*Asks:* 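Sending over a structure as structure tokens; questions will come in a sec.
Convention: sequence-line order gives letters A, B, ...; per-chain numbering from 1. Every value quoted in this text rests on a predicted model; they were computed, and no experiment measured them.
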Amino acid sequence: MSLRLYNTLTRSIESFVPLQPGRVTLYTCGPTVYNYAHIGNFRTFLFEDLLRRWLQASGYDVFHIMNLTDVDDKTIAGAVAAGQPLRTYVQPYIDAFHEDRRYLRIEDASVYPRATDFIAPMIELVEGLLARGVAYKGDDGSVYFAISRFPAYGKLSQLDRRELKVGASERVSADEYAKEDARDFALWKAARPDDEEVGAAWDAPFGRGRPGWHLECSAMALELVRQRTGLDVLDIHAGGVDLIFPHHEDEIAQSCAYTGRELFARYWVHGEFLKVGGEKMSKRYGNITTARDLREDGVDAGAIRLLMSQVHYRQRLDLTDAALASAREGSRRLGEFQNRLLAAAGHAAGDSTGGADAPPFAEAAERLDRELTEALDDDLNAPRAVAALFAFASAGNSALDAGQAAGPRALAAWRRAEGVLGVTSAVQVVKVGTAVEVGPAADSALAEAPPEGTDEGAQRSWAVRWAVRRKDAKAARDYGEADRIRALLRGAGWEVRDNRDGSLEVLRAGPKPPH
RNA sequence: GGCGCCGUAGCCAAGUGGUAAGGCAGAGGUCUGCAAAACCUCCAUCAUCGGUUCGAUUCCGAUCGGCGCCUCCA
């Protein structure tokens, strides 16, 4: 059995077969960089990251394109308001996007094309459409796509089965009057003073202006895929469900009218929304949580990824404090297990048994491999994949408690699963007694409050020193003092743990320290 | 008005025509000076009402409730 995906184009689950064996071209609609992306946006990017990782884990060479929309109404409005050139205005948001996605462990796409770097291919595309007679120049100087001349229009969103509500859009833009049909969309927008002011206007044979939103994706996708594979059809195109109509529908119309192909992308996959308090997270509702908000709260990306992974990508997910807390705890547990497994398997590798897996581990590993594959191949059923990971952790903890040896087999299975899911929190464990971090100041005056700031080293040093004091108090059977110190550490987010072998450790679950 | 989605234990959630994964929380237990961690055990009949079926949570219909899209929108 291999990967099956729900294809919005056919509204059914299909076996995934790429155009070229072993290679996949994947295009995902990226952020419009006029602001910080919120985690609703990132839910989609996270689902695409899972798709990307699973394709790679399945052996495919994936060419992943994620565009950055740096020229549209919002970026231009922002640049005008800030009195900056478009490219200048947008740069901090591009940087922030990459920072946020790295925090969330979203793998690098192969390329991140910026719309303003692809003006030439866009102009070429518009010229092609004009030449084919499916585009026309309106009275306002803009160029529009004529839906009536592209019979396949509406296939993706099943427009033929719908009836557009009259006046569903409150906005009646000025260019309505320039179009032949109200549903026609702009390929190229005639330059306005604001566009000129921020450098968002380009000369073109059909008039000075700037690209329409839909055009950007078509032009960049076609250009990059042609460069890479020589083809003019994508394997997979992904995005959020709200892009199905009109964005993706319009991309299909432009691209197919231009290439003459029946398909622009062979598989269209769409992720559902993230909701907050029952409502869609949207800048419009003002219920935004950004990735950086969560990071500042000390949330490990593993917890966020777990939260998202516990709900299927085609199912809406409601973000609540309880759900996040639940995911943090689960992710922490996985992190603790990972620490144990790594230590055990690392130790086993050097011992006389040759590092072989004890039967319970060999069995658990085989099962995890199988269940992970079954789950993810089944339209990326991450909830089931995560369940398999938890089952492995439970079995592994149990086996470790029983003194069973973990070896390379168990380690490989864990790494494969966690490598795709990335749902484990980093749990810092510092063994106390090694004196490595204690230093000469161990018995000098030590502040009861943890050090200010985010210096991990200072935090850890502080915790270790107190832990050493507690160790001494405990050795002296001064349990009152030992308990007081534990409470002190707990208040700063550290837990003290006495192990069975008499060793002592302090640990904390949190975001990965900056690297 | 059109198209569509959802309603599973305290919370989140997967799934199946033959009596329901997983996570969090909770209860009891093992271990521990006390904890923490880990492990073990316990904790649902799947919104309501009809229908089809030997049998439905799983198919069909209706009802109630929540939500999304219909050219800004991940």
*Asks:* Who does B/U53 pair with, Watson-Crick or G-U, both distances under 3.5 Å?
*Replies:*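 Pairing partner: none.
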*Asks:* Between A/Asp100 and A/Arg292, does at least one N-O distance fall below 4.0 Å, as a salt bridge requires?
*Replies:*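 Yes.
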*Asks:* Between B/C70, B/A14, B/G23, spot the one nearest the side chain of A/Phe245, thanks.
*Replies:*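 Ranking B/C70, B/A14, B/G23 by closest atom to the A/Phe245 side chain puts B/C70 first.
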*Asks:* Looking only at N and O atoms, is any donor in the side chain of A/Asp498 or the base of B/C34 less than 3.5 Å from an acceptor on the other one?
*Replies:*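 Between B/C34 and A/Asp498, which were checked side chain against base, a qualifying N/O pair under 3.5 Å is present.
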*Asks:* By the 4.0 Å heavy-atom rule, please label A/Val241 as base, sugar-phosphate, or nothing.
*Replies:*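 Answer is nothing: A/Val241 stays at 4.0 Å or more from every strand.
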*Asks:* Quick one: do A/Arg332 and A/Glu336 make a salt bridge, cutoff under 4.0 Å?
*Replies:*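 Salt bridge present between A/Arg332 and A/Glu336.
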*Asks:* Check whether any side-chain N or O of A/Arg11 sits under 3.5 Å from a backbone N or O of A/Thr8 as a donor-acceptor pair, and report yes or no.
*Replies:*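 Checking the backbone N and O of A/Thr8 against the side chain of A/Arg11, a donor-acceptor pair under 3.5 Å is found.
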*Asks:* Tell me if the side-chain of A/Asp483 makes a donor-acceptor pair with the base of B/G33, cut-off 3.5 Å, by modelled atom types.
*Replies:*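 Indeed there is one.
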*Asks:* Each nucleotide N or O in nucleotides 41-44 of chain B that has a protein N or O under 3.5 Å away: list the pair and distance.
*Replies:*
none

*Asks:* Side chain of A/Arg490, heavy atoms from C-beta onward: which of B/A21, B/A14, B/A36 has the nearest atom to it?
*Replies:*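 Per side-chain heavy atoms of A/Arg490, the pick is B/A36.
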*Asks:* Expressed as a whole number of angstroms, how long is the span from A/His248:NE2 to B/A74:P?
*Replies:*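 Atom NE2 in A/His248 sits about 10 Å away from atom P in B/A74.
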*Asks:* Once you apply a heavy-atom cut-off of 4.0 Å, does A/Gly271 come out as touching a base, just sugar-phosphate, or nothing?
*Replies:*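 No contact at all - A/Gly271 keeps every heavy atom at 4.0 Å or more from the nucleic acid.
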*Asks:* Does A/Arg43 contact B/A74 through a side-chain donor or acceptor facing the base, at a distance under 3.5 Å?
*Replies:*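 In this structure, the two groups form no donor-acceptor pair.
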*Asks:* Kindly compute the distance separating CZ (A/Arg305) from CZ (A/Arg105), expressed to the nearest 0.5 Å.
*Replies:*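 Here the interatomic distance stands at 7.0 Å.
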*Asks:* Consider the side chain of A/Pro246, meaning its heavy atoms from C-beta on, and name the nucleotide among B/U71, B/C67, B/A14 that approaches it most closely.
*Replies:*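 Of all the options, the side chain of A/Pro246 is nearest to B/U71.
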*Asks:* Assign a letter to each nucleotide of nucleotides 6-11 of chain B from its 5' end: B, base within under 4.0 Å of a protein heavy atom; S, sugar-phosphate only; -, no contact.
*Replies:* S-----
*Asks:* Closest to the A/Phe390 side chain: B/G33, B/A37, B/G22?
*Replies:*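 Nearest listed nucleotide: B/G22.
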*Asks:* Would you indicate which nucleotide in B/G22, B/A36, B/A13 comes nearest to any side-chain atom of A/Ala387?
*Replies:*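 Closest nucleotide among those given: B/G22.
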*Asks:* Ring of A/Phe273 versus six-membered ring of B/G68: centres under 5.5 Å and planes under 30°?
*Replies:*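 It does not: the two rings, one from A/Phe273 and one from B/G68, miss the stacking criterion.
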*Asks:* In whole Å, measure the gap between the C1' atoms of B/U48 and B/A14 for me.
*Replies:*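 B/U48 and B/A14 have their C1' atoms separated by 24 Å.
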*Asks:* With a 4.0 Å cutoff (strictly under), does any side-chain N or O of A/Asn499 reach OP1 or OP2 of B/A37?
*Replies:*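 For B/A37, OP1/OP2 do not have a side-chain N/O of A/Asn499 under 4.0 Å.
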*Asks:* Classify the nucleic acid contact of A/His312 as base, sugar-phosphate or nothing, counting any heavy atom under 4.0 Å across all strands shown.
*Replies:*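 Here A/His312 touches the backbone only, sparing every base.
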*Asks:* When rounded to the nearest Å, what value does the distance between P atoms of B/C11 and B/G4 take?
*Replies:*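 That atom pair is separated by 31 Å.
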*Asks:* B/A74, B/G23, B/G33: which one has an atom nearest the side-chain heavy atoms of A/Tyr479?
*Replies:*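 Minimum distance to the A/Tyr479 side chain belongs to B/G33.
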*Asks:* If you compare every side-chain N and O of A/Arg332 against the phosphate oxygens of B/A36 (OP1, OP2), does one of them come in below 4.0 Å?
*Replies:*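 False: A/Arg332 side-chain N/O out of range (4.0 Å or more) of B/A36 OP1/OP2.
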*Asks:* Calculate the interatomic distance between A/Phe97 atom CZ and B/A74 atom C1'; express it in whole Å.
*Replies:*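 Those two atoms, CZ and C1', are 11 Å apart.
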*Asks:* Answer with base, sugar-phosphate or nothing: what part of the nucleic acid does A/Arg340 contact at a heavy-atom distance below 4.0 Å?
*Replies:*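 Sugar-phosphate contact only.
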*Asks:* Is there a Watson-Crick or G-U wobble partner for B/C3 with both distances under 3.5 Å, and if so, which one is it?
*Replies:*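 When the pairing criteria are applied, B/G68 turns out to be the nucleotide that pairs with B/C3.
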*Asks:* Between B/U8 and B/C3, how far apart are the C1' atoms? Round to whole Å, please.
*Replies:*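 About 27 Å, rounded to a whole number of Å.
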*Asks:* With both distances kept under 3.5 Å, what pairs with B/U30, Watson-Crick or G-U wobble?
*Replies:*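 For B/U30, the partner nucleotide comes out as B/A38, under the 3.5 Å rule.
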*Asks:* Touch check for A/Leu274, heavy atoms < 4.0 angstrom, all strands: base, sugar-phosphate only, or nothing?
*Replies:*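 Base: the residue A/Leu274, judged by heavy atoms under 4.0 Å, touches a nucleobase.
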*Asks:* Answer with yes or no whether the side chains of A/Asp72 and A/Thr75 bring together a donor and an acceptor at under 3.5 Å.
*Replies:*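 Present: a donor and an acceptor within the cut-off.
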*Asks:* Could you grab the distance from atom CG of A/Leu400 to atom CZ of A/Arg340, nearest 0.5 Å is fine?
*Replies:*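 The CG atom of A/Leu400 sits 4.5 Å away from the CZ atom of A/Arg340.
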*Asks:* Consider the side chain of A/Arg183, meaning its heavy atoms from C-beta on, and name the nucleotide among B/A37, B/G23, B/U71 that approaches it most closely.
*Replies:*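 The answer is B/U71, which lies nearest to the side chain.
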*Asks:* With the threshold set at 4.0 Å, does a side-chain nitrogen-carboxylate oxygen contact exist between A/Asp195 and A/Arg210?
*Replies:*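 Between A/Arg210 and A/Asp195 there is a salt bridge, with a charged N closer than 4.0 Å to a carboxylate O.
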*Asks:* Take atom C1' in B/C54 and the same atom in B/G18, then report the distance between them in whole Å.
*Replies:*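 Approximately 10 Å lies between the C1' atom of B/C54 and that of B/G18.
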*Asks:* Centre of A/Phe45's six-membered ring, under 6.0 Å away, within 45 degrees of the axis: is that where NZ or CZ of A/Arg101 sits?
*Replies:*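 So A/Arg101 doesn't make the cation-pi contact.
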*Asks:* So what's B/A21 paired with, Watson-Crick or G-U wobble, going by both distances under 3.5 Å?
*Replies:*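 Per the H-bond distance test, none.
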*Asks:* So if I take every side-chain heavy atom of A/Arg497 and compare against B/C72, B/A74, B/A37, which nucleotide ends up nearest?
*Replies:*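 Nearest to the side-chain atoms of A/Arg497, counting from C-beta on, is B/A37.
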*Asks:* Atom CD of A/Gln404 to atom P of B/A38: distance rounded to whole Å?
*Replies:*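 So the CD-P distance, A/Gln404 to B/A38, works out to 19 Å.
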*Asks:* Whole angstroms only, please: what is the CG-P distance between A/Leu376 and B/G15?
*Replies:*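 One finds 13 Å between P of B/G15 and CG of A/Leu376, rounded.
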*Asks:* Please state the C1' separation for the pair B/G15 and B/A9 - nearest whole angstrom.
*Replies:*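 Approximately 15 Å lies between the C1' atom of B/G15 and that of B/A9.
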*Asks:* Taking the C1' atom of each, how far is B/U57 from B/U45, in whole Å?
*Replies:*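 Each nucleotide's C1' atom is 8 Å from the other's.
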*Asks:* Please report the distance separating the C1' of B/U32 from the corresponding atom of B/A38, rounded so that it comes out in whole Å.
*Replies:*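 Pairwise C1' distance, B/U32 against B/A38, rounds to 12 Å.
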*Asks:* On the nucleotide B/C39, are OP1 or OP2 found under 4.0 Å from the side-chain N or O atoms that A/Asn397 carries?
*Replies:*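 For A/Asn397, the contact criterion (side-chain N or O under 4.0 Å from OP1 or OP2 of B/C39) is met.
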*Asks:* Separation of A/Gln338 atom CD from B/A38 atom P, in whole Å?
*Replies:*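 For the pair A/Gln338 CD and B/A38 P, the rounded distance is 14 Å.
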*Asks:* Does A/Ser157 put a side-chain nitrogen or oxygen below 4.0 Å from OP1 or OP2 of B/C69?
*Replies:*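 False: A/Ser157 side-chain N/O out of range (4.0 Å or more) of B/C69 OP1/OP2.
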*Asks:* Specify the separation, in whole Å, of atom CG of A/Asp250 and atom P of B/U71.
*Replies:*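 Going from CG in A/Asp250 over to P in B/U71 covers 12 Å.
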*Asks:* So, are A/Asp379 and A/Arg314 salt-bridged, with charged N and O less than 4.0 Å apart?
*Replies:*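 Salt bridge: yes.
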*Asks:* Any chance the side chains of A/Ser12 and A/Arg4 put a donor and an acceptor closer than 3.5 Å?
*Replies:*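 Result is no, nothing qualifies.
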*Asks:* For B/C24, does either OP1 or OP2 sit under 4.0 Å from a side-chain N or O belonging to A/Arg333?
*Replies:*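 Checking A/Arg333 against B/C24: at least one side-chain N or O falls below 4.0 Å of OP1 or OP2.
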*Asks:* Quick one: pull up CG in A/Asp250 and OG in A/Ser157 and give me the separation to the nearest 0.5 Å.
*Replies:*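 If I round to the nearest 0.5 Å, the distance is 8.5 Å.
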*Asks:* Let me know, please, whether A/Ala391 or A/Phe42 comes out on the 5' side of the other along RNA chain B by nearest nucleotide.
*Replies:*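 Mapping each residue to its closest nucleotide by heavy atoms, the 5'-most match is A/Ala391.
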*Asks:* Which nucleotide, B/C67, B/A74, B/G33, lies nearest any side-chain atom of A/Ala482?
*Replies:*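 Selected nucleotide (nearest to the side chain): B/G33.
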*Asks:* Distance check needed: B/U32 P versus A/Glu495 CD, whole Å only.
*Replies:*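 It works out to 18 Å between those atoms.
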*Asks:* Does one side chain, of A/Asp401 or A/Ser398, offer a donor that lies under 3.5 Å from an acceptor on the other?
*Replies:*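 Looking only at side-chain atoms, A/Ser398 and A/Asp401 do not form any donor-acceptor pair under 3.5 Å.
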*Asks:* Would you call A/Arg384 and A/Glu374 a salt bridge, using N to O less than 4.0 angstrom?
*Replies:*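 A salt bridge is absent here (no side-chain N lies under 4.0 Å from a carboxylate O).
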*Asks:* Got a sec, which pairs hit ring-ring contact (aromatic ring centres under 6.0 Å, His included) with one end in residues 307-329 of chain A, sequence neighbours left out?
*Replies:*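 Listed by first then second residue: A/Phe47-A/Tyr313.
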*Asks:* Please pick, from B/C39, B/A14, B/G22, the nucleotide with the shortest atom-to-atom distance to any side-chain atom of A/Ser394.
*Replies:*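 The closest nucleotide is B/C39.
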*Asks:* Could you tell me how far B/U63 sits from B/G1 if I compare only their P atoms? Round to whole Å.
*Replies:*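 Going atom to atom, P in each nucleotide, I get 14 Å.
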*Asks:* Checking all strands, does A/Lys74 fall into the base, sugar-phosphate, or nothing category for heavy-atom contacts under 4.0 angstrom?
*Replies:*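 Sugar-phosphate, no base atom in range.
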